[in-house]
Protein chains: 2
Amino acid sequence: MIKKADLAPPPAELPGEAVQARRFEKARSAQASAVLEDYVELIDDLLANGGEARPTDIARRLGVTHATAIKTITRLKREGLATSKLYRGVFLTPEGHGLADRVRARHRLVVDLLRAVGVPEQCAELDAEGIEHHVSDAALDAFARFLKGWGPLP
Amino acid sequence: MIKKADLAPPPAELPGEAVQARRFEKARSAQASAVLEDYVELIDDLLANGGEARPTDIARRLGVTHATAIKTITRLKREGLATSKLYRGVFLTPEGHGLADRVRARHRLVVDLLRAVGVPEQCAELDAEGIEHHVSDAALDAFARFLKGWGPLP
DNA sequence: ATTAAAATGTAGCATAGGCTACAAAAAATC
DNA sequence: GATTTTTTGTAGCCTATGCTACATTTTAAT
Ligand SMILES: [Mn+2]
Ligand SMILES: [Mn+2]
Ligand SMILES: [Mn+2]
Ligand SMILES: [Mn+2]
């Protein structure tokens, strides 16, 4: 019961495949949290500024219908990131608030880095909204170090 | 029939909301093409190197089951990016091949930029797999200009 | 107080992308 | 040529995220 692979072991080709597969898996996992991250950041903004984060406000800022927003808010509550009182808006749990802070800091750092390497401001804001969810902590560290030796943005 | 909003028009607050909504919409749209982009790039790689891009190969490299890969390949064909012959693997249409070339160039540029600002190589490869799908052409131009005045990577 | 408007919630539908399990066909091995 | 392994395809299920349409409740205006 000798198989071809036993006779001719390809020179470490399978590890290469596995590494690539892990890259894609990581990107998929990052994407799965992207929506929740945007929601908590937005809710935190609304609470800090206007004081209220109602489903309709959230929906309008995200560009989705209120039905969609309500469904995702249900998921936020299920995952322990938010609470809500009927007709009193949405609130963040301590976990949700902590996540919002990290997400906001990351968002800003990404925008700043894009601008530092010459991306126009409008474009940096646009692209960062999607990019941010895929930037690891290690990359963020590098971004911060890079910006330190860069001075204020032009 | 005068409403509150008519009497007290908030100072250009609605535009701000609309701009933010457009950012999120753009990120959602970019995400919708992400999977297709990764497939065509991978298929093109397999065809260029080994000569064959079978569903099983594609599935293994992506880290998904073959059933999932086959379903997405069906979508690639539906969208005019690929064709396939039974037990002969998957091929790219001219459109698919063009997309693969653009996606590969973008992927490389993103990795190079990350490394240029100090992100460790492994980390750059990991993060780029998700980031790439959200980098606009304008940002790519900026990346290329930045790298030009940077010399070879350390 | 009545009425109109806005906000909220729910139900039902669609697509995308995962998965397992089963079935059939082709390729490789013996 | 027969058997085993690999590949492919299909069916059915799940979750996430959109949507529209309808019903209800609260808030605002008259
Ligand atoms: Mn975002
Ligand atoms: Mn953001
Ligand atoms: Mn990718
Ligand atoms: Mn890629």
Side-chain angles (χ1 to χ4, degrees), chain A residues 1-8 14 21 24-39 42 46 50 52-79 81-91 130 133, chain B residues 1-8 14 21 24-39 42 46 50 52-79 81-91 130 133:
Chain A
M1 207 193 292
I2 298 172
K3 288 180 293 186
K4 183 181 177 182
D6 294 331
L7 297 174
L14 294 181
F24 287 117
E25 282 159 13
K26 189 227 160 202
R28 283 195 296 269
S29 138
Q31 192 55 41
S33 2
V35 172
L36 298 188
E37 290 177 352
D38 284 336
Y39 269 73
L42 174 58
L46 290 169
E52 255 193 327
R54 291 137 70 217
T56 304
D57 302 330
I58 296 169
R60 189 173 43 235
R61 304 273 285 245
L62 285 168
V64 299
T65 63
H66 78 275
T68 297
I70 286 173
K71 218 181 277 187
T72 305
I73 291 166
T74 300
R75 191 179 158 213
L76 286 179
K77 295 194 274 188
R78 173 159 38 93
E79 308 217 354
L81 295 171
T83 59
S84 75
K85 303 178 193 167
L86 201 65
Y87 285 87
R88 289 265 153 228
V90 182
F91 304 89
H133 309 284
Chain B
M1 210 192 292
I2 298 170
K3 290 178 292 186
K4 182 181 178 183
D6 295 330
L7 297 174
L14 294 179
F24 288 117
E25 281 159 15
K26 188 227 161 204
R28 283 196 295 271
S29 138
Q31 193 53 41
S33 2
V35 172
L36 298 188
E37 291 177 352
D38 284 336
Y39 269 74
L42 174 57
L46 289 169
E52 254 193 326
R54 290 139 68 218
T56 303
D57 304 330
I58 297 169
R60 189 172 44 234
R61 304 274 284 245
L62 285 169
V64 298
T65 64
H66 79 273
T68 298
I70 286 173
K71 216 181 276 187
T72 306
I73 291 165
T74 300
R75 191 179 157 211
L76 286 178
K77 293 194 275 189
R78 174 159 39 93
E79 308 217 355
L81 296 170
T83 59
S84 75
K85 302 177 193 166
L86 200 64
Y87 286 87
R88 290 264 151 230
V90 182
F91 303 90
H133 309 284

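- The residue among Lys85(B) and Tyr39(A) whose nearest nucleotide of DNA chain D lies closer to the 5′ end is Lys85(B).
- The side-chain heavy atoms of Phe24(B) and Val64(A), taken from C-beta on, include no pair separated by under 4.5 Å.
- Rounding to whole angstrom units, NZ of residue Lys77(A) and C1' of dG9(C) are separated by 10 Å.
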Distances for protein N/O vs nucleotides 10-16 of chain D N/O pairs under 3.5 angstrom?
residue	atom	partner	partner atom	Å
dG12(D)	O6	Lys71(B)	NZ	3.4
dA16(D)	O3'	Arg75(A)	NH1	3.3

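- Nucleotide dT7(D) holds its C1' atom 10 Å from the CG atom of Leu86(B), rounded to whole Å.
- Taking 3.5 Å as the limit, the base of dA27(C) and the side chain of Tyr87(B) contain no donor-acceptor pair of atoms between them.
- Side-chain N/O atoms of Thr68(A) include none lying less than 4.0 angstrom from OP1 or OP2 on dT17(D).
- The listed nucleotides are dG9(D), dT8(C), dC19(D); the one nearest the side chain of Pro55(B) is dG9(D).
- The distance from atom NE2 of His66(A) to atom CD1 of Ile73(A), rounded to the nearest 0.5 Å, is 10.5 Å.
- Arg54(A) contributes atom CZ, which lies 11.5 Å from atom CD1 of Ile70(A) (distance to the nearest 0.5 angstrom).
- Atom CD1 of Ile58(B) and atom P of dG17(C) are 15 Å apart (whole Å).
- Here dG18(C) presents its P atom at 10 Å from CD of Glu25(A), a figure rounded to the nearest Å.
- Atoms CZ and OG1, on Arg88(B) and Thr83(B) in that order, are 13.5 Å from each other to the nearest 0.5 Å.
- Glu37(B) places its CD atom 15 Å from the P atom of dA16(C), with the value rounded to the nearest Å.
- Applying the side chain to side chain contact (heavy atoms under 4.5 Å, CB included) rule to Ala34(B) yields the partners Gln31(B), His133(B); only residues at least two apart in sequence or on another chain are considered.
- Residue Thr72(A) holds its OG1 atom at 10.5 Å from CD of Glu79(A), rounded to the nearest 0.5 Å.
- Taking atom CG of residue Leu62(B) and atom P of nucleotide dG18(C), one finds them 8 Å apart after rounding to whole Å.
- For Phe24(B) and dG18(D), the CZ to C1' distance is 16 Å, given to the nearest whole Å.
- Contact annotation: Thr65(A) side-chain N/O to dT20(D) OP1/OP2 distance is not under 4.0 Å.
- A straight line from CD1 of Ile73(B) to C1' of dA16(C) spans 15 Å, rounded to a whole angstrom.
- Residues satisfying the side chain to side chain contact (heavy atoms under 4.5 Å, CB included) test with Glu25(A), not counting sequence neighbours, are Ala21(A), Arg22(A), Arg28(A).
- For dT17(D), the OP1/OP2 oxygens have no side-chain nitrogen or oxygen of Arg28(B) closer than 4.0 Å.
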